[in-house]
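One structure below.
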Protein chains: 2
Amino acid sequence: MSSPEVATVPPAYRDLLSKKGFAHVATVGAEGEPQTQPMWYEWDGTSILLSHTKARQKFRNLTRDPRVAVCILDPDNPYHYLEIRGVVEIEERSRTEAHRSPVQEVKRQGSLPNHKPGDERVIIRIRPTRVNTYGD
Amino acid sequence: MSSPEVATVPPAYRDLLSKKGFAHVATVGAEGEPQTQPMWYEWDGTSILLSHTKARQKFRNLTRDPRVAVCILDPDNPYHYLEIRGVVEIEERSRTEAHRSPVQEVKRQGSLPNHKPGDERVIIRIRPTRVNTYGD
């Protein structure tokens, strides 16, 4: 398993965390196979936050194995990127709270893509345990 | 393990395969943990091709577990994307051949990012076994 220690993001890469881009989030499935998907994200100063429904495969993967790898590419310079590995904690919130998630508010796009009325949403909190940086 | 069957990419998503973007490539490490990284890619009509050095973690991961998940996001519309899962075959080529890889030639950016003289390069061929599409 990954170390439970907390890793920090070097100052030269912190701008990436507030850019309006996507995090490519890799998890591991029931048979140990990789899965990956783009997601909106927010950085709250110590963790990456994702908003997710309980119905999808990534949620099932993360309840089974909380290890995750996230790639955040600078939308203005694809040779400047971060890979953050971490362990997730899933925060149950009421549907209303999660629907108005910080992820949604930061992105300010009105509504989450693919959100359907009645979806049960959770906040996935990723505490970095390792940070790899690429580019200048 | 994934099915060895070959999956096809629906026509509405084939344009993504020839765009000049990045593939986010997820693999699984020695302890079953996910890893992810952006890479240039080429589509040869049946497979995704990546050019990679033997020295890096992703290569070691893939020689241990050939299962991979690749996300290709439309650079012009991030809500239009593909997730391709597959099994890799690693093609050994001479250093000169791999350096002039099809991936490099398609991207026409002169040289591969992070390429160092003396790097031993291989071609990673991904045959899709499952294709998930998102957006219209």
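Keep in mind it's a predicted model, so treat the numbers as computed, not measured. Only heavy atoms go into these numbers, but all of them, side chains included; no hydrogens, no water, no symmetry mates. By convention in this document, chain letters (A, B, ...) are assigned in the order of the sequence lines, proteins followed by strands, and residues within each chain are numbered from 1.
- For the pair B:Val28 and A:Val28, the minimum side-chain heavy-atom distance is below 4.5 Å.
- The side-chain heavy atoms of A:Cys71 and B:Pro38, taken from C-beta on, include a pair separated by under 4.5 Å.
- Taking CZ of B:Phe22 as the reference point, atom OH of A:Tyr79 lies at 4.0 Å (rounded to 0.5 Å).
- The aromatic rings of A:His24 and B:His24 sit parallel, their planes meeting at an angle under 30°, below the 60° perpendicular limit.
- For A:Thr27, the part sitting under 4.5 Å from any heavy atom of chain B is the backbone (N, CA, C, O) and nothing else.
- The side-chain hydrogen bond (donor to acceptor under 3.5 Å, both in side chains) test applied to A:Arg60 returns no partner, not counting sequence neighbours.
- Inter-residue side-chain proximity for B:Arg85 and A:Glu33 is flagged as met; some heavy-atom pair is nearer than 4.5 Å.
- In this structure, chain A has a heavy atom under 4.5 Å from the side chain of B:Glu83, while its backbone stays farther away.
- Using a 4.5 Å cut-off between heavy atoms, B:Val25 makes no contact with chain A at all.
- At a threshold of 4.5 Å between non-hydrogen side-chain atoms, the residues A:Pro34 and B:Arg67 count as touching.
- With rounding to the nearest 0.5 angstrom, the CG atom of A:Leu73 is 10.0 Å from the CG atom of B:Leu73.
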